[in-house]
Protein chains: 2
Amino acid sequence: MRVAGKAYRTIWPAGDGRTVRVIDQRRLPHEFRVAELATCREAAAAIREMWVRGAPLIGATAAYGVALAMAADPSDAGLDAAAAELAATRPTAVNLAWALDAMRACVAPLRPGERAAAAFARAAAICDDDVAINRAIGANGLEVLRGLSAAKRGAPLNVLTHCNAGWLATVDHGTATAPIYAAAEEGMALHVWVDETRPRNQGAMLTAWELANEAVPHTLVADNAGGHLMQRGLVDLVLVGTDRVTARGDVANKIGTYLKALAAKDNGVPFFVALPSPTIDWSVRDGLAEIPIEERDAGEVTHVWGRRGDGGVEAVRIAPEATAAANPAFDVTPARLVAGLVTERGVCAASAEGLAGLFPERRAA
Amino acid sequence: MRVAGKAYRTIWPAGDGRTVRVIDQRRLPHEFRVAELATCREAAAAIREMWVRGAPLIGATAAYGVALAMAADPSDAGLDAAAAELAATRPTAVNLAWALDAMRACVAPLRPGERAAAAFARAAAICDDDVAINRAIGANGLEVLRGLSAAKRGAPLNVLTHCNAGWLATVDHGTATAPIYAAAEEGMALHVWVDETRPRNQGAMLTAWELANEAVPHTLVADNAGGHLMQRGLVDLVLVGTDRVTARGDVANKIGTYLKALAAKDNGVPFFVALPSPTIDWSVRDGLAEIPIEERDAGEVTHVWGRRGDGGVEAVRIAPEATAAANPAFDVTPARLVAGLVTERGVCAASAEGLAGLFPERRAA
């Protein structure tokens, strides 16, 4: 997608064939910086220190990390060391483990002299696959938006989204944002309500920045506002991403998603979830009972990152020193609140039957 | 209530009989400052610039503003000018208009030489009445808490609250906090989940500070977390204040309250609202259709107040410059989601019948 009018992905090989470039997302939206990764160690640091974030982008960065390692030391020992270093960066990220397995499967059978080129090619393919999946999600979600837009008789379709399931979390297009960008590209009148998404403010800092760069009309709101907007008829569709979907359609996503799903149900607003199919965890059915919820640092709640008047960026303290905070990072939205799942294969009901219809090869599993 | 172990109200007459003191709430929780108000103009500024906030405290400050005016110029012209200056500070505050009417009714019939002393006495009575009402709310709400606490078999009762309906918004005790302070005083095991309450963070900045000073166990959470906490059985009761209750029990309160009420309903958690009876607007029935919602400055959403590492306090920007924000300040929780209303007369159902039972003199109206 575009940054100040120029097209970018979040990660790409540099022209020299030996290094990789990423958007350093740490100071967005206040500062846009492209960083060069020349070694596996730098790729690992970019993941660990969250220059890059979002499950698909973490996987892609790990893939290129292996490629950078193979360029430096294509031995079996070099491969093992690279995989170990990268795996340790964000231990809970499913895409990270998947990407490392894929890279090893590609590289291990080859002679050392062939490994670097093959690894760069495989990493590029992983990136291209992510883009293709997100494009398909965009095309499938666009059908949903078109249907709702038709009823608006030319008035803008109001979409509410939570957190950042945008192109910055993937290689390009994003998941929940892909249908929005597809709709904007075809000239649909639409407007996006962007939830701030405390405590890390990914909505205010990343989604709003993406939409501004794509010139998609949008308005930032506090996470508290969505229910009121729906009561007043100002939301036509809620569209979010997800970190994990169970085999029966329960949806784990950024904390606060469940509250928006409840408000959508109470006001007859359709609540859709966009996801690449690897996000489906076929081994789990009951999201509330079976998905562990990560508890993150309390400092994210007691402090807020922002830009000072003098231009510097820091985390200011909002709470009294004597006050402790809790910081559950995700919640689970029961399938009964979800109108549909938008995948690269199509849109289905959030149910075991709906998912089995789109993914029949999983039915026997 | 206590600040660093010493008992305070939010407003009180100084020992000299000519000035009034208030807690300057603007830099809480980072800085505690007592300010002296010596003139009506200073009282008006304290209201307008939000040294004091909360409907009951605004009314009390306006009352003392009239008293300060009468000490300087007890003429009819002086009374008119004071009332006009104070009325213009926060035009939508119902308690402000009520307090000014009460002061005029007390002072106007008197000779100028008698007015100052009478005005100070009437302002003190308004303050004492507020404290008595809140004590009664505390005693009535305590019965609700006792009932729920009994089922916990000694485990702490978990109360979730939103915004600041605390003693800082009143003269003392607060409304939603009054039952909590009463329960803590009698030694009940309890713990309070404090919603941050974006965009102005009254939960993080005021409620948490109050609870810390009273040594009530509490934990700050992002507004997004409450639904998840309820799903996990970690909330036994939601208890909030309100800005306006309709004759059938719809509740207007700080933006985001409705989302918590939905989550409470979905998880079988009782959702109670504490209020002094003047908060009931008997002229209105349908809260959604009839209560206008104030739209506040977008800068409250794009920026967050906090303390920098160097100790200074400022509002840092979290959003891109190109991003606009919307800032509805209140939402309406339909009566169907409210388990009960806690008033100074007792607890009743959130319905026309429930309210008529407690306030039979209004039935004929």
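Convention: sequence-line order gives letters A, B, ...; per-chain numbering from 1.
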- Query: Just wondering, are more than 12 heavy atoms of other shown residues or ligands nearer than 6.0 Å to CD in B/E49?
  - Reply: yes
- Message: Could you check whether atom CD of A/E185 has more than 12 heavy atoms from other residues, nucleotides or ligands sitting under 6.0 Å from it?
- Response: no
Is it the case that the side chain of [X] and the backbone of [Y] share a donor-acceptor pair, with hydrogens and angles ignored and the cut-off at 3.5 Å?
X	Y	result
A/E290	A/D286	yes
B/R33	B/L28	no
B/N327	B/E295	no

For residues [X] and [Y], determine if any side-chain heavy atom of one lies less than 4.5 Å from a side-chain heavy atom of the other.
X	Y	answer
A/R232	B/L288	yes
B/E300	B/R198	no
A/V34	A/D24	no
B/V284	B/R248	no

Counting only non-hydrogen atoms closer than 4.5 Å, can you tell me which residues of [range] sit against chain B?
range	value
residues 212-230 of chain A	A/A212, A/H218, A/T219, A/L220, A/V221, A/A222, A/D223, A/N224, A/A225, A/G227, A/H228
residues 234-246 of chain A	none
residues 189-196 of chain A	A/W193, A/E196

- A/P29, part contacting chain B, at a heavy-atom distance under 4.5 Å: side chain
- Item | Part of A/R336 lying under 4.5 Å from any heavy atom of chain B | side chain
- Item | Taking every non-hydrogen atom, the tightest pair across B/F271 and B/T333 | CE2-CG2, 4.2 Å
- Over all atoms of both residues, closest heavy-atom pair of A/L259 and B/A263: CD2-CB, 3.7 Å
- Query: Would A/R317 and B/H30 count as a side chain to side chain contact (heavy atoms under 4.5 Å, CB included) if you check the C-alpha gap in whole Å, the side-chain angles of each, and the deciding distance to 0.1 Å?
  - Reply: CA-CA 9 Å; A/R317 171 175 272 276; B/H30 308 298; 4.3 Å; yes
For each of [options], tally heavy-atom pairs with chain A at distances under 4.5 Å, and name the one with the top tally.
options	answer
B/A319, B/A326, B/G203	B/A326
B/A204, B/G309, B/A315	B/A204
B/D331, B/N201, B/D266	B/D266
B/G256, B/A322, B/P334	B/G256

- List in chain and number order the residues that pass side-chain contact (heavy atoms from CB on, under 4.5 Å) with A/T177, two or more places apart in sequence or in another chain; answer none if no residue qualifies. A/Y181, A/E210
- Is the NZ or CZ atom of A/R26 both under 6.0 Å from the centre of the six-membered ring of A/W305 and within 45° of that ring's axis? no
- Task: May I ask you to check if A/R2 and A/W167 form a cation-pi contact, with NZ or CZ under 6.0 angstrom from the six-membered ring centre and within 45° of the axis?
- Result: no
- Carboxylate-amine/guanidinium contact A/R307 B/E321, below 4.0 Å: yes
- Quick one: do A/L206 and A/R53 satisfy side chain to side chain contact (heavy atoms under 4.5 Å, CB included)? Show the steps, please. CA-CA 11 Å; A/L206 302 176; A/R53 18 73 58 198; 3.5 Å; yes
- Full working for side chain to side chain contact (heavy atoms under 4.5 Å, CB included) between A/K152 and A/N158: CA-CA 10 Å; A/K152 299 287 291 183; A/N158 285 301; 4.3 Å; yes
- Identify which part of B/I293 has an atom lying under 4.5 Å from any heavy atom of chain A, answering side chain, backbone, both or neither. side chain
- Non-hydrogen atoms of chain A under 4.5 Å away: do they reach the side chain of B/H162, the backbone, both or neither? side chain
So which of [options] has the largest heavy-atom pair count under 4.5 angstrom toward chain B?
options	value
A/T302, A/T323, A/V332, A/I318	A/I318
A/P328, A/P199, A/A329	A/P328
A/R308, A/Q231, A/K254, A/H303	A/Q231
A/L211, A/T197, A/L262	A/L262

- Parallel, tilted or perpendicular for A/F32 and A/Y8, by the 30°/60° rule? perpendicular
